[in-house]
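Written out below as structure tokens is the structure these notes cover.
Heads up: numbering here begins at 1 and tracks the sequence. These numbers come from a predicted model, not from an experiment.
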Amino acid sequence: MPLTAVAGVLGTLLTSSLLVVAVQPATHSADAEPQRQHARVLRLTGPSTVEVGDRLVLHVRLGSGAGRRQVRLATRRGDTWVALGRLRTDAHGHAVRRRTAARPGRHVYRAELVQSDRRPRVLSRPFAVTVRPAPVTPTPTPTPTPTPTPTPTPTPTPSPTPTAQPTPTPTPTAQPSPTPTPTPTPTAQPSPSAQASPSVQPSPSPEPSPTATPAPQLQNPEALVPFWDALRERDTRRVDVAYVGDSISEGLGADLWSQRPPPALQEALRARHPIAAAQGTGHVPAVSHAGLAAPGLQEVGQVTRVSGYGLGSKAAAFLAGSGLTLDFEGTGLRVWFGRDATTAPAEVRVDGGEWSPLTADDDTSTGGSGHLWESATLAPGPHRVEVRGTSAQLPSVVEGFEVFASEADRSSGVHVLDAAHSGYSSHHFNPATTTGRPVWQVLDRVAPVLTVVNLGVNDPAWQMSAAQTRSSIERIVARAEQAAGGRPTSVLLVVNYAPVSANPEYAAKWQAVRDVLMGFRHDLVAVLDLQASWPTIGPGEPQGVMAETAYPLHPNAAGHALQVEVVSRLLRPPDA
């Protein structure tokens with residue numbers, strides 16, 4: 001059956017140094033011409049050569065109407081095209097193939113449509129890339145030094161005695177839902193470096209090897225390709241970013257609402273990747289546990305903070321006579337709310353107009369989070385939205401707002417959504433828990449193209465082992481992929497600086513968590529080491545970036561600015 005849609009092949013190479021390498025059209029013989037011109041290379045960017053060991057990431061994009069086709073990648077060896085395996089395309093016609101450039105030389109690839117009754121149909125012109133041999137770094141010859149006479153009694157390596165450090169005081173907010181109880185932590189796992197034995201160190205000199213190189217601050221950067229592609233299309237689509245984390249992500253220690261990581265990252269990304277139309281405040285959670293109030297947001301009457309609803313599992317609940325008011329500048333807004341058998345519908349009005357039911361744009365009969373009401377287009381300028389309860393027995397639940405400054409702002413540009421909750425562990429965001437489930441119900445509606453995950457600091461305080469942290473992160477990554485709805489998506493796993501605690505066991509437990517997070521490997525996940533850009537802190541040494549002095553745990557305003565600068569810089573596309 002002839003292919004009815006035009007297909008496209010996007011070839012992109014990313015090196016370990018964040019370079020996007022071009023896939024260039026190859027010179028080819030007549031037998032390599034497509035039987036019909038079903039495809040073309042859509043985008044070519046960057047240099048034309050890579051080195052042995054670099055990662056080759058091939059993005060295949062089928063044209064509209066192609067659907068889920070049996071597409072495979074093939075490479076030319078001599079006069080023969082050898083299949084490299086089929087590509088699993090999603091509902092939008094996207095597929096990714098990752099290879100490691102192992103052999104130097106000129107490598108030619110093409111995409112083919114598998115046909116059961118005849119030879120494969122060529123979908124694209126061949127494309128090629130030159131792989132250069134990796135440069136040989138000469139190993140410096142060390143200057144011979146006389147071997148010291150070993151002392152009869154080896155000097156023991158001092159056991160790691162971390163400075164007295166407190167439990168990181170997660171200060172979890174009282175929640176109506178039961179607190180998840182992870183499996184008890186086994187014996188504290190000391191840092192690998194703390195387990196060194198003197199018997200395996202014949203030399204008393206601790207000098208590092210001159211050829212040692214530090215690990216890159218961003219591991220697996222090619223996982224960010226879907227996010228980078230979305231940024232390039234920001235004028236015609238929303239680039240939604242979910243920011244999942246604990247108090248460090250929610251902004252505890254900041255002086256202003258705008259210094260918190262979610263709005264600060266949104267501002268940084270919008271400044272670097274603007275759209276022609278004006279953009280508004282964006283996402284405003286109805287509740288914050290960071291001790292800061294959102295500008296323009298006021299509680300009226302008796303408002304209770306509850307978990308089990310909304311991004312970050314945080315929402316506002318109120319009965320009749322109480323509610324929320326938000327003063328904003330823009331041309332429209334959304335109200336996110338929860339609805340189930342234990343809640344009552346709310347009422348809403350804008351600029352003092354008539355009260356009307358807060359009705360959802362979807363079916364609320366199944367209950368849960370992620371329902372939204374959207375206002376009509378408003379005149380540019382200041383406005384007020386009010387939401388109030390309607391029942392004296394059942395509360396109404398509002399999860400947050402989104403403020404837009406133009407019609408284009410509703411459907412394009414960068415939008416960062418706050419999904420952080422102070423005091424939470426990685427287990428709290430497990431989609432199987434009562435605290436994690438509502439987060440992903442909302443993100444199913446959003447389908448973020450990037451999920452930033454900054455968790456783990458509170459895990460030792462919740463008696464979680466490093467293995468349990470890894471299991472939670474694996475579930476979060478799998479759920480983020482599901483929430484994307486079949487579209488390519490990225491996850492940025494942020495590994496924090498080392499907090500200071502009065503609990504002498506915390507340092508070793510955090511090191512075990514850090515080792516697990518730094519070693520996390522997944523095709524969708526880029527791993528960012530925040531410690532690489534953080535000053536060395538200690539008891540009484542906040543270094544100007546921490547809110548606490550005796551036992552620095554949370555960033556202050558300068559620390560949050562540093563955190564956001566590092567994250568936004570490493571999220572920058574190579575061609576930006």
Task: Flag, side chain of E399 to backbone of L311, donor-acceptor distance under 3.5 Å - done: no

Open item on the list: Any non-hydrogen side-chain atom of D240 less than 4.5 Å from a side-chain atom of L417?
Closed with: yes

- [ ] For atom CZ of R475, decide whether the heavy atoms of other residues, nucleotides or ligands shown that lie under 6.0 angstrom number more than 12.
- [x] no

TODO: Answer with yes or no whether the side chains of T469 and D459 bring together a donor and an acceptor at under 3.5 Å.
DONE: yes

Open item on the list: Would you say N496 and N454 are linked by a side-chain donor-acceptor pair, where the criterion is simply a distance under 3.5 Å?
Closed with: yes

Open item on the list: Quick one: does any side-chain atom of Q563 pair with a main-chain N or O of G559 as donor and acceptor, under 3.5 Å?
Closed with: no

Task: Main-chain N/O of F429 paired to W440 side chain as donor or acceptor, under 3.5 Å - done: yes

Open item on the list: Does R514 form a side chain to side chain contact (heavy atoms under 4.5 Å, CB included) with V495? I'd like the steps, not just the answer.
Closed with: CA-CA 7 Å; R514 173 181 166 81; V495 184; 3.7 Å; yes

Open item on the list: Between R334 (side chain only) and E374 (backbone N and O only), is there a donor and an acceptor less than 3.5 Å apart?
Closed with: no

Open item on the list: Quick check: closest heavy atoms across S369 and P438, and the distance to 0.1 Å?
Closed with: OG-CB, 3.4 Å

- [ ] Would you check if there is a donor-acceptor pair between the side chains of E407 and T331 at a distance under 3.5 Å?
- [x] no

Task: Under the ring-ring contact (aromatic ring centres under 6.0 Å, His included) test, residues paired with F227 that sit two or more places apart - done: none

Task: Side-chain donor or acceptor of R445 paired with backbone N/O of G370 under 3.5 Å - done: yes

Open item on the list: Within the structure provided, determine whether N430 and I476 are in side-chain contact (heavy-atom separation under 4.5 Å).
Closed with: no

- [ ] For the pair Y497 and W534, name the ring-plane relationship: parallel under 30°, tilted 30 to 60°, perpendicular over 60°.
- [x] parallel

TODO: Look up atom NE2 in H289 and atom CG in D246, then write down how far apart they are to the nearest 0.5 Å.
DONE: 12.5 Å

- [ ] Locate the shortest heavy-atom distance separating V457 from I248; write the atom from each residue and the value.
- [x] CG2-CD1, 4.0 Å

Open item on the list: Within the 3.5 Å criterion, strictly below it, is a donor on H415 or Q266 matched to an acceptor on the partner's side chain?
Closed with: no

Check residues 275-288 and write down every donor-acceptor pair under 3.5 Å in which the side-chain atom is one partner and the other belongs to a residue at least two apart or another chain.
unit_1, atom_1, unit_2, atom_2, d
Q279, NE2, D409, OD1, 3.0
H283, ND1, D418, N, 3.0
S288, OG, A290, N, 3.2

TODO: Might you work through the side-chain hydrogen bond (donor to acceptor under 3.5 Å, both in side chains) test for Q543 and T536, ending with a clear yes or no?
DONE: CA-CA 7 Å; Q543 303 294 349; T536 301; over 6 Å; no

- [ ] Inspect the surroundings of CD in E474 and state if more than 12 heavy atoms from other residues, nucleotides or ligands are less than 6.0 Å away.
- [x] yes

Open item on the list: Measuring only between side-chain heavy atoms, which start at C-beta, is P261 closer than 4.5 Å to Y243?
Closed with: yes

Open item on the list: Between E548 (side chain only) and L553 (backbone N and O only), is there a donor and an acceptor less than 3.5 Å apart?
Closed with: yes

- [ ] Decide yes or no for S490 and L524: does some side-chain heavy atom of the first lie under 4.5 Å from some side-chain heavy atom of the second?
- [x] no

TODO: Check whether any side-chain heavy atom of W336 lies under 4.5 Å from a side-chain heavy atom of E402, and answer yes or no.
DONE: yes

Task: Any donor-acceptor N/O pair, H560 side chain to L252 backbone, under 3.5 Å - done: yes

Open item on the list: If I compare all heavy atoms of V453 with all of V491, which pair ends up nearest, and what's the gap?
Closed with: CG2-CG1, 4.1 Å

Task: Polar side-chain atom of R234 near backbone of P274 as donor-acceptor pair, under 3.5 Å - done: yes

- [ ] Give a yes-or-no answer on whether the side chains of Q217 and S533 include a donor-acceptor pair shorter than 3.5 Å.
- [x] yes

Open item on the list: I'd like to check D229 versus P226 (side-chain heavy atoms, cut-off strictly below 4.5 Å). Are they in contact?
Closed with: no

Task: Heavy-atom side-chain proximity of V494 to L517 below 4.5 angstrom - done: no

Open item on the list: side chain to side chain contact (heavy atoms under 4.5 Å, CB included) for N556 and M546? Distances and angles first, verdict last.
Closed with: CA-CA 5 Å; N556 60 12; M546 305 300 291; 5.7 Å; no

- [ ] For F404, check ring-ring contact (aromatic ring centres under 6.0 Å, His included) against everything at least two apart and list the hits.
- [x] none

Task: From CG (L455) to CG (L493), nearest 0.5 Å - done: 8.5 Å

TODO: Let me see the working for T451 and V244 under side chain to side chain contact (heavy atoms under 4.5 Å, CB included), right down to the final yes or no.
DONE: CA-CA 7 Å; T451 303; V244 177; 4.0 Å; yes

TODO: Using distance alone, with no hydrogens and no angle criterion, decide if H428 and S313 have a side-chain donor and acceptor under 3.5 Å apart.
DONE: no

Open item on the list: Can you give me the closest heavy-atom contact between G312 and H421, atom names plus distance?
Closed with: O-ND1, 2.7 Å

TODO: Report the distance from atom CZ of F337 to atom OH of Y309, rounding to the nearest 0.5 Å.
DONE: 12.0 Å

- [ ] Report yes or no: is the cationic atom of R260 (NZ for Lys, CZ for Arg) closer than 6.0 Å to the six-membered ring centre of W257, at no more than 45° off its axis?
- [x] yes

TODO: Verify the distance criterion only: is there a donor paired with an acceptor across the side chains of T489 and E481 at less than 3.5 Å?
DONE: no

Open item on the list: Please tell me whether R521 and Q219 have a donor and an acceptor in their side chains that are separated by less than 3.5 angstrom.
Closed with: yes

Open item on the list: For the CG atom of L443 and the CZ atom of R479, what is their distance to the nearest 0.5 Å?
Closed with: 8.0 Å

Open item on the list: Between K314 and E250, does any side-chain N to carboxylate O distance fall below 4.0 Å?
Closed with: yes

TODO: For R410 and A376, work out which heavy atoms get closest and say how close.
DONE: NH2-O, 3.7 Å

Task: S568 side, atom OG; H273 side, atom NE2 - distance, nearest 0.5 Å - done: 8.5 Å

Open item on the list: What I want to find out is whether R384 reaches D351 closely enough, with some N-O distance under 4.0 Å, to be called a salt bridge.
Closed with: no

Task: V414/L231 under side chain to side chain contact (heavy atoms under 4.5 Å, CB included): CA gap, chis, key distance, verdict - done: CA-CA 8 Å; V414 175; L231 286 176; 3.8 Å; yes

- [ ] Provide the closest heavy-atom pair for L571 versus W228 in the form atom of the first, atom of the second, distance.
- [x] O-NE1, 3.0 Å

Open item on the list: Given 3.5 Å as the limit, does a donor-acceptor pair link the side chain of S247 with the main chain of S422, or not?
Closed with: no

Task: Min side-chain heavy-atom separation V385-F401 under 4.5 Å - done: yes

Open item on the list: Rounded to the nearest 0.5 Å, what separates atom CG in L333 from atom CG in L378?
Closed with: 7.5 Å

